[in-house]
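These notes concern the structure reproduced below.
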Amino acid sequence: PKIDVAEIIYNNIGLPGHVRLDSFFDDAIQMLSIVVLKDSPFCGKSLLDLHKEHNGSFLVAALVRDGKLFIPDGNFVCEEGDNVYLTSDQEGVAETFKKMGIITTSSKKVLIVGGGFTGDYLAVELIDAGKDVTIIEENIQNCKKLMEKYPKANASYGNAESVEIL
């Protein structure tokens, strides 16, 4: 489970806060969770209309409105604040992002809070991807180990809740 958490974090770096991406079956299936914003292409449109506009590049699997789960049909109209769960393949996700105006960024610098198992695994992935990684670790011994293990990263000793550290 800790590796899964690290992979979810890695996959979501650079996505806006109202979007979450999960992958299944070795990334063959992607699930997007999108909170419908007021100016979103989803707002006020039926799922059938959205499906036509996006050339069927995704399938709406579920929708949560006011804490209630719906398995919607094509006539369901999205409203601001809805959490829409879409499934697609990788190409469909990229196409959906483009058509919806969801801008992804490629972060060059990444801060990891905690160098435990999840933070350590995430550090490997990010360093291998060429990111400038800083790890804040509150255990001095673990911080020293991280400094030795990741000479390309900046491992700092301290509590990330402290404003002075950040």
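One is the number of the first residue; the rest follow in order along the sequence. For clarity, every value in this text was computed on a predicted model and none was experimentally measured.
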Review point. After noting the C-alpha distance and the side-chain angles of Cys78 and Leu47, does the key distance pass the side-chain contact (heavy atoms from CB on, under 4.5 Å) rule?
Key: CA-CA 7 Å; Cys78 296; Leu47 297 180; 3.6 Å; yes

Study note, to complete from the structure: Tightest non-hydrogen contact, residues Ala155 and Leu146, listed as CB-CB, 4.0 Å

Exercise for review: Check the pair Val77 / Phe42 against side-chain contact (heavy atoms from CB on, under 4.5 Å), numbers first and verdict last.
Suggested key: CA-CA 8 Å; Val77 177; Phe42 278 63; over 6 Å; no

**Study point:** Residues in side chain to side chain contact (heavy atoms under 4.5 Å, CB included) contact with Ile71, at least two apart in sequence or another chain
**Key:** Ala62

Review point. Among all residues two or more places apart in sequence or in another chain, which pass the side chain to side chain contact (heavy atoms under 4.5 Å, CB included) test with Val64?
Key: Leu69, Asn83, Tyr85

Side-chain donor-acceptor contacts of residues 124-132 below 3.5 Å, not counting sequence neighbours, with atom names and distances?
unit_1	atom_1	unit_2	atom_2	d
Lys131	NZ	Ser106	OG	3.3
Lys131	NZ	Ser107	O	2.8

Review point. Tell me the salt bridge (charged side-chain N to carboxylate O under 4.0 Å, His left out) pairs involving residues 57-72, sequence neighbours left out?
Key: Arg65-Glu79, Arg65-Asp82

Check your understanding: Just how far is it from atom CD1 of Ile34 to atom OG of Ser40, taken to the nearest 0.5 Å?
Key -> 7.0 Å

Practice item. Can you sort out the partners of Asn139 under side chain to side chain donor-acceptor pair (under 3.5 Å), two or more places apart, ordered by chain and number? Key: none

Check your understanding: Is there a donor-acceptor contact under 3.5 Å from the side chain of Glu80 to the main chain of Leu37?
Key -> no

Study note, to complete from the structure: Residue set satisfying side chain to side chain donor-acceptor pair (under 3.5 Å) with Asp120, at least two apart, ordered chain then number -> Lys149, Tyr150

Practice item. Could you tell me which non-hydrogen atom of Ser46 sits nearest to which non-hydrogen atom of Gly74, and how far apart they are? Key: CB-O, 3.5 Å

Check your understanding: Who pairs with Phe76 by ring pair (Phe, Tyr, Trp, His ring centres under 6.0 Å), at least two apart in sequence or on another chain?
Key -> Phe70

Check your understanding: Under the side chain to side chain donor-acceptor pair (under 3.5 Å) test, which residues partner Thr134, sequence neighbours left out?
Key -> none

Point to revise | Path from Val133 to Val5 over hydrophobic side-chain contacts below 4.5 Å | key: yes

Review point. Given Leu86 and Leu59, is the side-chain contact (heavy atoms from CB on, under 4.5 Å) satisfied, shown in steps?
Key: CA-CA 5 Å; Leu86 315 171; Leu59 173 69; over 6 Å; no

